[in-house]
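Chain naming here is simple, since letters A, B, ... match the order of the sequence lines and numbering starts at 1 in each. What you are looking at is a predicted structure, and each value in this text was computed from that prediction instead of being measured.
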Amino acid sequence: MSTSIPLPGLETITAAEPPQRRGPSAEELLAGLNDPQRAAVVHEGAPLLVVAGAGSGKTRVLTRRIAWLISERRAHPGSILAITFTNKAAAEMKERVEDLVGKRARIMWVSTFHSACVRILRKEVTTLDFGGVGFKSNFSIYDAADQKRLMTLVCNDLDLDPRRYQPGALLHWVSNQKNELRDPEDATKDARNHLEETYAAAYTTYQRRLREANALDFDDLIMFTVHLFQQFPEVRETYRRRFRHVLVDEYQDTNHAQYALIHQLCADAISDGGPMVDPEVERVEPAELMVVGDADQSIYAFRGANIRNILDFEQDFPNATSILLEQNYRSTQTILTAANSVIGHNKGRKEKRLWSDAGDGDRIVGYVADDEHDEARFVSGEIDKLTDEGRFRPGDVAVFYRTNAQSRVFEEVFIRLGMPYKVVGGVRFYERREIRDALAYLRLLVNPADQVSLRRILNTPKRGIGDRAVACVNALAERDRITFWEALRRAEDAPGLATRSLTQIQGFVALVEELQSMVDGGERPDVVLETTLARSGYLTALEESDDPQDETRLENLAELVAVAREFADDPVAGPSADPADVDAGTVAPGLGDFLERVALVADADQIPDDDPEDQGVVTLMTLHTAKGLEFPVVFLTGLEDGVFPHSRALGDQTELEEERRLAYVGVTRARERLFISRAVVRSAWGAPSHNPGSRFLDELPVDLVDWRRTEAAQTRWSRPDLSGGQHYGEPTAAGRRNFSAAAVRADAAARSKPSREIPSLDPGDRVLHDSFGLGTVVALEGAGDKAVASIDFGSEGVKRLLLRYAPVEKL
DNA sequence: GGCGTCTGGATTTTT
DNA sequence: TCCAGACGCC
């Protein structure tokens, strides 16, 4: 059932629709907009570039324009394609448009490039032919981890020295090829030296293995869609006929393949798709295009984004017009002046100066910390002050850093000082082992060719199908040129396979086939998932384990089941709603639909919105994650050369400019208060290193920053009060012992050293757990090595922990 | 086939 | 400092 997803409206789009005029009036749609914003909303005809500075109300312009198209220009909602950067942004935009023009907006396509391409490919991918071996529409989508596994297999296939050719580096190269729309043949043809030949060979094999697994990676989604349009003009015309209005947000972060896709739909010249143009195919006028972006916020060059797409827009699309939005509705003038000043150091940009009539506001506060712990204490102390004054809640505050690793210190210190926080990003839910395992099972049920998933769970939980058995089956698969899954089903033919392994394999095959029949019967995704976890023995294995982490794993799996249930009950809600298919009422959401949403959603559910629960909690995230968000109070931390800008960018002008844009993004997230800080000494993997201040600090106007402290205390452990600066909660001797990085990370060590001292606890005691945070002891059972405590960790729930292993400290 | 130990590599940023 | 993969022993 998941093999075909209909495109609602595709066939009926040209049918006459009774004009529905119960939407907002034109005045309402333009209310509260400034002149350039209005111009963008009502613009007709030629391709339009809206250069939208940070905080200049571009989301408003986008949503109002869509509403305008629908209600003033009578565009059919189904003829609108809007591309956003994240699924969350897509869901929000759709919701806002729906608020304006009502339910009929639901039929619009508002999604990321990747989601849109998946929808097209699910329908059309069988058209593409790869020498007779094509893809089926139930293809899997491989993320970074799957890709790495697959590339490792490729390295083995080709017998590549893993030290010279790392899977990660190969994948990066392959990704670049795909972003440039170059297939393995192109790469092979153009290889100039041995190294490139090897890379091209890896690309070829990698692509072959993907095809055998009926799987596409993220880059394939875009590249295949472009190739589809280029090679099959009639398919392209179908979509050109459908999408009369195309809107692209965050245009500065598009790569070449995405640019080409837009071009296919919106460019005038229809013949630039290559040699296969069929004059018989009816010509369709290009769609009306609007792109919105800000070259100063281009921060994804590392993954192939091409800033030239936005800089060259007017050349790429002849007779294009552009509109500049410079008035900022978010920040104080102080913050904007700082941002303008920093970004002004980039060369070759189009001048743009943000301004605000919100007044100057407070000065920026700066602090030079002794080390990263001191920096975190400073941040925590300032947040305390801000919230004590009553002007802000913790939920108004965000702490930004350059790399995920920096979050750790903040977490340690915040836990100790009782500062409530949440980390966005980092180890994501969907990257956890147990979640990946569960999803691998589900993917296998939908797409048995998916070898990466199959191999992942074949012996998970342990069921006695080891390397040797896999090798035997693999040999059979290669001998008879069948998929690995087919070979498993015919395992009795595999030479050299031990009887015991054979029995195990047959049991596994029976299990999978039984589960598959559930899927074929249209069973709900959550039911399939629960059954899978139970019948596979996965739950039992975790329940019986005495690794304390496995308790959390069980909870995570329960959470996944809950997500699936929510999806089955109401596919429209939830993080990445792009539910036009489901809205059409033609299909109940199946397992395939669930997997698709999960594959393309990032960590959208973590980003704070109006959830009241988030209002009492400080948000920690990387600068990249912060793009598109805003907070009343922002802490920009780790401003040190080598940290931010990142050490790998220091020697390269282009990369340095990207770092600077990242700084610009960070500064412009702040509405009212901005704090900047750096640490004189910072430990990078064990050894402390001494970093000079970030060059971006020198680019701030001196008079805008109120430096609370400009240098570290003389001696590391001397009392900084003496230096005239403020000081934040110097750790007590006990605190330092208990909360040193070593102690916090002693988890693994504790397990291998059973001699670890068992804390003596009583009900009512307050304790600190490495991962659950603060808790209260509820009950105790057993004694000595077998002592088990039930501890209430508040929002984390009540845990039963074996004290011998549990990383808890009595407070 | 499973499990423990050792070594080497990793840290940008993510759809 | 931590983690993953390789290797070797039970």
Take atom CG of A:L171 and atom P of B:dT14, then tell me their distance rounded to the nearest Å. 18 Å
Select from A:T622 and A:K148 the residue whose nearest nucleotide in DNA chain B is closer to the 5' end of that strand. A:K148
Could you state the atom-to-atom distance from CD of A:E596 to C1' of B:dT15 in whole Å? 14 Å
Centroid distance under 5.5 Å and plane angle under 30°, A:Y300 vs B:dT14: no
Pairing residues for A:K58 by the side-chain contact (heavy atoms from CB on, under 4.5 Å) criterion, not counting sequence neighbours: A:A52, A:D249, A:E250, A:V292
A:N404 CG - B:dT14 C1' separation (whole Å): 10 Å
Does A:S694 have any side-chain contact (heavy atoms from CB on, under 4.5 Å) partners at least two apart in sequence or in another chain, and if so, which? A:L639, A:D641, A:P645, A:F696, A:L697
According to side chain to side chain donor-acceptor pair (under 3.5 Å), who are the partners of A:R308, at least two apart in sequence or on a separate chain? A:D312
Round to a whole Å and report the spacing from CZ of A:R303 to C1' of B:dT15. 5 Å
Verify the stacking flag for A:F302 against B:dT13: centroid separation must be under 5.5 angstrom and the ring planes must differ by under 30 degrees. yes
So which protein N/O to nucleotides 1-4 of chain B N/O distances come out below 3.5 Å?
{"from": "B:dG1", "atom 1": "OP1", "to": "A:S501", "atom 2": "OG", "distance (Å)": "3.3"}
{"from": "B:dG1", "atom 1": "OP2", "to": "A:R468", "atom 2": "N", "distance (Å)": "3.1"}

Rounding to a whole Å, what distance do you find between A:E372:CD and B:dT11:P? 19 Å
Between P on C:dC2 and CD on A:Q406, what's the gap in Å once rounded to a whole number? 17 Å
Spacing of A:H646 atom NE2 relative to B:dT14 atom P, expressed in whole Å: 12 Å
Please collect all salt bridge (charged side-chain N to carboxylate O under 4.0 Å, His left out) contacts where either partner lies in residues 171-180 of chain A, sequence neighbours excluded, each pair once. A:K178-A:D217, A:K178-A:D220
Using only side-chain N and O atoms of A:T625, determine if any of them is under 4.0 Å from OP1 or OP2 of B:dT14. yes
Is a salt bridge present between A:D450 and A:R443, judged by a nitrogen-to-oxygen distance below 4.0 Å? yes
Is there a donor-acceptor pair closer than 3.5 Å between any side-chain N or O of A:T625 and the backbone N or O of A:M621? no
In whole angstroms, how far is the P atom of B:dT13 from the CZ atom of A:R648? 10 Å
Taking atom C1' in both B:dT13 and C:dA4, what distance in whole Å separates the two? 22 Å
What residues, two or more places apart in sequence or in another chain, satisfy side-chain contact (heavy atoms from CB on, under 4.5 Å) together with A:N459? A:K462, A:R463, A:I465
